[in-house]
Amino acid sequence: MHELSVVQSMLDIVSEKAKEISAPRIVRINLVVGEISSIVDDCVQFYFDFMAKDTVAEEAELHFERIPLKLKCRKCSHIFFPQTGQWNCPGCGSEGVEVVGGSEFYIDSIEVE
Ligand SMILES: [Zn+2]
């Protein structure tokens, strides 16, 4: 995912939302970012700073909430948070795991004036 298009769609969504509730100004956008999502906070902030100009979100503060990587064992269904580089199931030692959390990116909420 590229931050440029991510920020663009984010602005579309929050502008639409603000219009919906007749809010003149968005003061804060709460974002949820998974640990292994390809989103880089600084890049999002960078694009946001110039793309939000002259929009309802111009002065909004971005808040990033990080979600840790969460894995699920395909063999025994154990759900765990892996240590760096260790994706083996701590329950049965299997390497057959799937990502069940940590790759998401979405707008959790916005705060308006
Ligand atoms: Zn297991």
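Note that this is a predicted model, so its numbers are computed, not measured. We count ligands from 1, going down the list as the structure has it; atoms in each ligand are counted the same way. Below, each value reflects all heavy atoms present in this structure, side chains not excepted, and no hydrogens, waters or symmetry copies.
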I'd like to check the salt bridge (charged side-chain N to carboxylate O under 4.0 Å, His left out) partners of Glu20; sequence neighbours left out, ordered by chain and number.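 Salt bridge (charged side-chain N to carboxylate O under 4.0 Å, His left out) check on Glu20 returns Lys17.
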Under the salt bridge (charged side-chain N to carboxylate O under 4.0 Å, His left out) test, which residues partner Glu59, sequence neighbours left out? Arg25
Would you mind checking if Glu61 and Arg28 are paired as a salt bridge, meaning a charged N to carboxylate O distance below 4.0 Å?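 A salt bridge links Arg28 with Glu61.
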Any chance you could lay out the side chain to side chain contact (heavy atoms under 4.5 Å, CB included) test for Leu71 and Ile79, step after step, and finish with the verdict? CA-CA 6 Å; Leu71 300 175; Ile79 289 175; over 6 Å; no
Donor-acceptor contact below 3.5 Å, side chain Glu111 vs main chain Val27: no
Closer than 2.8 Å to the Zn ion (ligand 1), what protein N/O/S atoms do you find? Cys73 SG, Cys76 SG, Cys89 SG, Cys92 SG
Using residues 39-46 as the side-chain source, report each donor-acceptor pair under 3.5 Å to any protein atom, sequence neighbours left out, with the distance given to one decimal.
{"unit_1": "Asp41", "atom_1": "OD1", "unit_2": "Arg66", "atom_2": "NH2", "d": "2.4"}
{"unit_1": "Gln45", "atom_1": "NE2", "unit_2": "Asp49", "atom_2": "OD1", "d": "3.1"}

